[in-house]
Structures are given as structure tokens and as C-alpha cells.
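Everything below concerns the one structure shown next.
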Amino acid sequence: DERVSLSLRIVPYGKNQRLLIARDITRMQRLEQMRRDFVANVSHELRTPLTVVAGYLEAMEEECRDRDEGMRRMVEAMQQQSERMRRIVEDLLMLARLETERVSDSPEPVSVPSMLAAICEDARRLSGEEAHRIELEAEAGLWLQGNDGELRSLFSNIVFNAVRYTPGGGEIRVRWFEDERGGVFEVADSGIGIAPHHISRLTERFYRVDVGRSRSRGGTGLGLAIVKHVLLRHGGRLEIESELGAGSIFRAILPTKRLAHVQQNQISDDV
Ligand code: ADP
């Protein structure tokens with residue numbers, strides 16, 4: 001490949017002049033590409049052995065279920081860890097796809113209200129005995145043009161985080177509506193909150209305020225990096241407001257040109 005990549009910048013120079021600065025970034029871009037390919041390949045290679053290990057663990061678990069309590073507990077611990085590894089690998093693969101795949105020219109209409117209803121159901125399951133109060137308020141008929149899987153990932157990462165970082169019994173409010181900014185997806189929780197100096201770094205891969213807490217709550221450390229990339233690909237942006245010890249608001253704002261207004265009777269005709 002003989003192509004050369006340049007980064008161009010125009011800066012003021014003297015009184016009425018401008019200076020054009022060109023920098024050769026070919027090598028940097030190649031290295032970046034190699035890094036992405038490497039991560040994608042490693043993740044892909046890890047998938048198969050992980051599936052095999054999980055299969056054997058399941059067989060072992062059945063084998064010692066009613067016979068050897070000590071062994072059963074060890075196998076269960078291994079199952080949890082291999083499940084955790086599987087989630088990390090899946091998130092890494094998703095990130096690699098988001099970074100490299102072209103954005104589709106013909107986005108599909110996605111029913112956000114029904115997608116959010118399903119995600120909130122999953123969140124209640126994740127909450128389990130902790131019994132968070134999870135409320136959903138979504139404007140019926142307000143859909144989005146985009147990629148179904150990517151948007152699902154965007155919404156669910158933010159909702160599941162609210163469950164992860166809110167003590168049991170806490171309140172989580174999920175809203176989807178339109179205002180002058182565009183389509184607004186907002187999740188407000190009454191959780192542990194985030195100190196201001198962490199906020200700008202949360203969308204970095206593996207950046208966590210508290211690694212131990214994130215791990216024990218089933219986080220991969222990649223959720224908000226995925227959120228950032230999905231928003232980039234949909235022309236949206238992320239806003240985070242938080243108060244330590246009081247709670248957080250995560251808001252994804254999507255441009256109006258992405259919105260699709262679907263009439264209720266149209267929906268029932270389709271089903
Ligand atoms: P993780 O899998 O660790 O949750 P994320 O990328 O989704 O990774 O989030 C990064 C970090 O941001 C988390 O580890 C946590 O410290 C913080 N965080 C995310 N959402 C919330 C929230 N609703 N309340 C408090 N902290 C949060």
C-alpha cells in the first residue's frame with residue numbers, strides 16, 4: 001500500500017497570513033490498524049476454547065452436583081470466571097467491529113420503546129433480590145433510524161450500569177423523549193455517583209472508578225467505550241451529570257434526522 005496519510009492544520013501566522021502544517025501520520029495509522037486487528041484476532045481466537053471449557057464445566061457440574069459439594073463449588077466458581085471471560089471477549093469483538101466496520105448507508109427503523117421495555121425487564125432480572133425500582137417512560141411511536149444491535153448495546157450498557165452502581169432498593173428512571181436537542185435517552189439513578197475528575201475518562205476502555213466493585217458487579221470495563229462508539233456512529237453525543245453519593249444521570253442525545261415517527265396504527269398493522 002503506497003498511500004500516505006497526512007494530517008493538515010491551518011494556524012494564524014503573523015498579521016494576515018496563515019500557515020499550513022502537514023504531518024505525515026502514515027506510520028501512526030498503520031500501527032493503530034495493527035493494534036485493532038490484533039485485538040480483534042486475539043478475541044476471535046479466544047472464543048472457541050472458551051466455549052469448549054464452558055461445555056466441559058457444565059458436564060463436570062452435573063457429574064458432582066449431588067455427590068461432592070466441595071467440588072461443585074469449585075466448578076461453579078470456574079463457570080463464573082469463564083462466563084466473565086466470555087463477556088469480555090464479546091465486548092472486545094463488538095468494539096473492534098464498531099471501530100472498523102463502515103456505517104451502513106441504509107439504517108433500519110428501530111422501535112426504541114419496545115427495545116427499552118425488554119431491556120428494563122432484563123435489568124429487573126439483573127437486580128433480582130436487590131429489588132431496584134426501575135421505571136420506564138418512553139414516547140410511543142418515537143423510533144430511531146440506526147443499527148438494531150448497536151442501539152440495543154448502547155441502551156442496555158447504560159441501564160445495566162445504573163443497576164450495578166445503585167445500592168439495592170434504589171431508584172432508576174429510564175426516559176425516551178424528543179425535545180429541541182433531538183431524541184433524548186436518559187437514565188437517572190439514585191446510586192453511588194461519580195467524582196467530577198473521573199467523568200471525562202469513563203468512556204476509555206477498562207477505565208473504572210473502582211475496579212473491585214465493577215468486577216464483582218459483572219462489569220467488563222468496556223461498556224461505556226462501546227456506548228461512545230455507537231453514539232459516534234449514529235451522530236449522537238453523551239452527557240454525564242453526577243453527584244457523589246447521590247446519583248448519576250447518563251444522557252444520550254441523538255440527532256433529529258435519525259428520528260422516525262411511527263403512528264400507533266401502523267405498528268399494530270405490522271405485527
Ligand atoms: P463497567 O463494566 O466497569 O461498568 P463501563 O465502561 O460501563 O465499565 O463503566 C466505567 C465505569 O464508570 C464503571 O466502572 C463505574 O466506575 C462508572 N460508572 C458507570 N456508570 C455508572 C453509574 N450509573 N453510577 C456510578 N458509576 C458509574
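As the structure is a prediction and not an experimental result, all values here were calculated from the model. Values below: all heavy atoms of this structure, side chains included; hydrogens, waters and symmetry mates excluded.
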Item to complete: Decide yes or no on salt bridge (charged side-chain N to carboxylate O under 4.0 Å, His left out) for R67 and E62, but give the supporting numbers first.
Response: CA-CA 10 Å; R67 288 193 289 153; E62 267 170 42; over 6 Å; no
Item to complete: Kindly determine whether R86 and E83 satisfy salt bridge (charged side-chain N to carboxylate O under 4.0 Å, His left out), including the steps that lead there.
Response: CA-CA 5 Å; R86 192 192 62 77; E83 169 58 21; 3.0 Å; yes
Discussion item. Walk me through whether E45 and N41 qualify under side-chain hydrogen bond (donor to acceptor under 3.5 Å, both in side chains).
Written reply: CA-CA 6 Å; E45 291 297 324; N41 289 338; over 6 Å; no
Practice prompt. In sequence, state the C-alpha distance, the side-chain angles, and the governing distance for Q29 and S5, and then conclude on side-chain hydrogen bond (donor to acceptor under 3.5 Å, both in side chains).
Written response: CA-CA 8 Å; Q29 279 199 336; S5 304; 2.7 Å; yes
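A salt bridge links R102 and D105; the closest N-O separation between the charged side-chain nitrogens and carboxylate oxygens is under 4.0 Å. Salt bridge E137/R173: absent, no basic N to carboxylate O contact under 4.0 Å. Ion pairing between a basic and an acidic side chain is recognised when a charged N comes within 4.0 Å of a carboxylate O; R125 and E130 show no such pairing. Look at D91 and R87 and you find no salt bridge, because none of the NZ, NE, NH1 or NH2 atoms lies under 4.0 Å from a carboxylate O. Using a 4.0 Å cut-off between a side-chain N of Lys or Arg and a carboxylate O of Asp or Glu, E150 and R152 do not qualify as a salt bridge. Here R251 pairs with E241 in a salt bridge; the nearest charged N to carboxylate O distance falls below 4.0 Å. Under 4.0 Å is where a charged nitrogen must lie from a carboxylate oxygen, and between R124 and E121 at least one such pair does. At a threshold of 4.0 Å, the pair E63-R72 does not count as salt-bridged, since none of the basic side-chain nitrogens sits closer than that to a carboxylate oxygen.
Between V159 and F250, every side-chain heavy-atom pair lies at or beyond the 4.5 Å cut-off. With a 4.5 Å cut-off on side-chain heavy atoms, L126 and F160 count as touching. In this structure, the side chains of V174 and E135 stay at 4.5 Å or more apart for every pair of heavy atoms. E186 is not listed as a side-chain neighbour of E239, based on a closest heavy-atom distance of 4.5 Å or more. Residues R213 and I192 have side chains in contact (heavy-atom distance under 4.5 Å, counting atoms from C-beta outward).
Taking each heavy atom of L136 and P113 in turn, the nearest pair found is CD2-O, 4.5 Å. When all heavy atoms of G149 and N147 are compared, the pair lying nearest together is N-OD1, 3.1 Å. Nearest heavy-atom pair, R18 versus Y13, reported as atom, atom and distance to 0.1 Å: C-CB, 4.0 Å. Nearest heavy-atom pair across G191 and T166 is CA-OG1, 3.4 Å. Summarising the geometry of R36 relative to T100, their closest heavy-atom pair is CD-CG2, 3.9 Å, with the distance given to 0.1 Å. When all heavy atoms of M71 and D68 are compared, the pair lying nearest together is N-OD1, 3.1 Å.
Formation of a donor-acceptor pair under 3.5 Å by the S127 side chain with backbone atoms of H132 is found in this model. No donor-acceptor pair closer than 3.5 Å links the side chain of R133 to the backbone N or O of E171. Side chain of S214 to main chain of R208: no donor-acceptor pair is present (N/O by atom type, distance under 3.5 Å, no hydrogens or angles). Counting only distance, with no hydrogens or angles, the side chain of D189 and the backbone of S248 share a donor-acceptor pair below 3.5 Å. Listed for the H234 side chain is a donor-acceptor partner under 3.5 Å among the backbone atoms of V230. W143 places no side-chain N or O within 3.5 Å of a backbone atom of R258 that could act as its donor or acceptor partner. Side chain of S242 to backbone of P196: no donor-acceptor contact under 3.5 angstrom is found.
A side-chain donor-acceptor contact under 3.5 Å links S114 and S111.
When the options L254, I253, T256 are evaluated for a side-chain contact (heavy atoms from CB on, under 4.5 Å) with R181, the one that passes is I253.
R47 is linked by a salt bridge (charged side-chain N to carboxylate O under 4.0 Å, His left out) to E90, counting only residues two or more places apart in sequence or in another chain.
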